[in-house]
Amino acid sequence: MSPSPAAPHAAELTLRGLLLGAVITVVFMTANLYMGLKTGVTFSTSIPAAMLAMGVLRLVGNANIFENNVVQTQASAAGTLCNVILVLPGLVLIGHWTDFPYWQTTGLCLVGGLLGIAYSIPLRRALVIGAGLPYPEGTAAAEVLRAGEAAQDGSQPGGLRPLLGAAAFAGLVGLATTGFRVLADGMHATVAAGPALFRFGTGFSLALVGVGYLVGLGACLALLTGVAIAWGGAVPILTALRGASEGAPDAVVLEVWSGQVRLIGAGIIAVGALWTVASLAGAIGGSIRAALSAARGSGRGAEIPRQERDIPITWVACAALALALLLAGLFWIFASGADLGGLHVVVVAVATLFAVLFGFLMAAACGYLAGLLGSSSSPISGIGILTTLLAALLIPLIIGREAGPEGDRFVIGLALLLASVIVTTASIANDNLQDLKTGQLVDATPWRQQVALVAGVTVGALVIAPLLSLLHHAYGFAGALPRPGMDAAGALPAPQAALMTQIASGIVHGELPWTMVLIGAGLGAVFVAIEAALRRRGHSFPALTVGIGIYLPLEVVVTIAVGGVIGWLAERRLRGASEPEEVSAGARRRGVLIASGFLVGESIVGVLVAAADTLAGRGSSLVLVGPGFGSAATGLGAVVFVGTALCVYRLVSRAPAPPPRQQEEASHA
């Protein structure tokens, strides 16, 4: 649907929109922080924010697609800024902090987030416009906004029906799964072949099916290559070499995967990320030159199309320099507690340069992956691992043992702080590029979206420290309870932060399995060569995505692949049916709406379940069944998942019915 002729001049940045976006940001951030500290997984808030914005602004009146888009852009910060919890609680776990100091935590999140926005501005032309990437969640958000606009103005009656129906169904399934637990969230089995252990499984998440449908089969095949390496090769070999082990087979394979095989994925991600950035260097350089040219043209009075207007690149450069100075101040304060002597200035300078330069590289790589796989599947925690690895190696080379008796803890703490900044920067750049893709599809103005995300990052940064402190004092973290006598069983595990802390400690104390990282780097070089060869023949097989297939849990990758296969089979059937192009396009649009609806429904239920747990003061507050219901829940979940997959295939591979007017004309004929 194209906007009406007057639409480009409709209001985008409004006071009511900014206030609504701020409220949604705080609400969704609270839910995301709790879920992330409990499970290690956060969820994208762009699509739920778009739905909520449309509903609220429609009640107020005179809303338009551009204002709705700005609200979801601002509120999307809640789903990405909170990724700092993947690393930052590690400072509490090692005892460097006893709580989350307000100004240091706020400053770190604010500076890291604003740097991410600054980096995404010159990257927009290279990755959003020039790279031809699908940006699945950005596309889904655009479809949500378009369908809502069509239903509101009557140009496409029932345009929201596939999306709302899919959202309602996915929401009910999500509530039965994560809330009531009457449906399992997946199934798996561990099989022994002599001393070797193999694991098979899939998840039942309809949102991940939607992601797979949107990203397409090519990326899914690369993910499955990673699955074959991890679960068909590395895990069986390592478990066979390990020999007989105490503990359940499921626990053994997960321990081997998380402690060793995942590091192979991190090595591939590292090499793939460097290759991705190097291969995009020309496009990124061209994007920056185009931004500078646009700034000069604007200064000479040349008219730049509204859809191409970013925040001026000269402003961005000055802001990035100011942010680098603020970041240096944060590192200075953090390092003041160590006995560094004359090395204090050197450590601060190196840490600042590393955060600024490596942060840009990771923002570019992460933005590319967001375009390829979606924000939810980008390896943010992999970037945290890579940063922690490099920082924990770099810092001791500078300071040696000059930091006094607390030297090891300071090195680990500074490595985690650096990783927190870079994770925040990459997350926000990732998110902003997804939002800018949404804006491109709905004909929005880029600079207004960028201003909205600045507002979202600012609001989120101001409230994140009190929210983290509240959760820490209410529950505590596993291994770091704030008060004596607290129930350790009820503590939040903060699994990702614990993993980062374990990696940094392993490097500092010489206990990290470097062999796995080096194997991953070698495989990464091989897959980069394959990627380059296939690219010359017009095919895509990103090496980064293979690493993600190793790094992400088996159930997540297989479920995404199911969505990709459904889309591929549906496309083949549509091509074989020799339908007119407009009919096939209508079927594809319906598929995108259904996939988007799955993302909407499950995401909103995730917010509601998290809110219920937060209000109840305990996890699993909505569970209706006991542990003995597990087998039945698995069977029911499998039936619902398979049945839904078959129904989705039938819906997206069938030509849509003609509009009522065409049906009437056909009957008269």
Side-chain angles (χ1 to χ4, degrees), residues 29-30 32-42 77-116 326-327 330-331 333-335 337 351 354-355 358-359 362 380-392 395 409-428 457 460-482 491-505:
M29 179 165 281
T30 303
N32 245 329
L33 288 174
Y34 176 79
M35 291 298 292
L37 289 169
K38 180 182 177 183
T39 66
V41 176
T42 58
T80 47
L81 190 63
C82 63
N83 280 333
V84 74
I85 64 170
L86 301 178
V87 187
L88 197 62
L91 291 168
V92 176
L93 295 176
I94 65 173
H96 197 90
W97 285 352
T98 57
D99 200 0
F100 295 92
Y102 182 79
W103 290 114
Q104 288 188 57
T105 305
T106 300
L108 184 149
C109 294
L110 183 62
V111 172
L114 293 179
L115 274 175
L326 289 173
L327 189 59
L330 289 171
F331 289 142
I333 294 170
F334 187 85
F354 180 80
F358 194 69
M362 292 300 98
I380 296 297
S381 54
I383 286 171
I385 287 175
L386 177 60
T387 306
T388 304
L389 281 167
L390 294 176
I395 298 165
R409 189 162 68 175
F410 169 74
V411 170
I412 296 168
L414 185 55
L416 294 174
L417 196 74
L418 274 166
S420 298
V421 174
I422 291 172
V423 161
T424 304
T425 299
S427 297
I428 291 295
V457 166
L462 290 174
V463 301
I464 197 168
L467 290 172
L468 282 172
S469 183
L470 176 67
L471 291 170
H472 177 227
H473 285 285
Y475 301 102
F477 301 144
L481 299 178
L492 296 171
Q496 297 280 21
L499 175 62
M500 306 296 176
T501 304
Q502 177 187 359
I503 289 172
S505 300

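Since the model is a prediction, treat every value here as computed from it, not as a measurement.
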Review item, side-chain donor-acceptor pairs of residues 462-471, under 3.5 Å, at least two apart:
from : atom 1 : to  : atom 2 : distance (Å)
S469 : OG     : D99 : OD1    : 3.3
S469 : OG     : D99 : OD2    : 2.9

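If you take CG on L115 and CG on L326, they are separated by 9.5 Å, rounding to the nearest 0.5 Å. Here CG of L390 is found 5.0 Å from CZ of F358. Values are rounded to the nearest 0.5 Å. Between R409 atom CZ and L91 atom CG the span is 10.5 Å, to the nearest 0.5 Å. Distance check: L481 CG to H473 NE2 gives 12.0 Å after rounding to the nearest 0.5 Å. Note that OG1 of T424 is 10.5 Å distant from CD1 of I85, once rounded to the nearest 0.5 Å.
Smallest separation of non-hydrogen atoms from G90 and L416: C-CD1, 3.7 Å. Heavy atoms only, all atoms of each residue included: S420 and L108 are closest at CB-CD2, 3.9 Å. Here the closest non-hydrogen pair linking T425 and G112 is OG1-O, 3.1 Å. Nearest heavy-atom pair across T388 and A419 is OG1-CB, 3.5 Å. Here the shortest heavy-atom pairing between M29 and G460 reads SD-O, 3.7 Å.
With contacts defined as side-chain heavy-atom distances shorter than 4.5 Å, the pair W97/T105 qualifies. Looking at heavy atoms from C-beta onward, I94 lies in side-chain contact with T501 at the 4.5 angstrom threshold.
In terms of the ring pair (Phe, Tyr, Trp, His ring centres under 6.0 Å) criterion, F100 has no residue partners (sequence neighbours excluded). Every residue two or more places apart in sequence or in another chain that forms a side-chain contact (heavy atoms from CB on, under 4.5 Å) with A351 is listed here: F331, L418. Among residues two or more places apart in sequence or in another chain, the side chain to side chain donor-acceptor pair (under 3.5 Å) test is passed with S427 by N83. Every residue was checked against the side chain to side chain donor-acceptor pair (under 3.5 Å) condition with T98, not counting sequence neighbours, and none meets it. Listed by chain and residue number, H96 satisfy the ring pair (Phe, Tyr, Trp, His ring centres under 6.0 Å) test with F334 (two or more places apart in sequence, or in another chain).
Among the candidates L81, L88, V87, the single residue satisfying the side chain to side chain contact (heavy atoms under 4.5 Å, CB included) test with V84 is L88.
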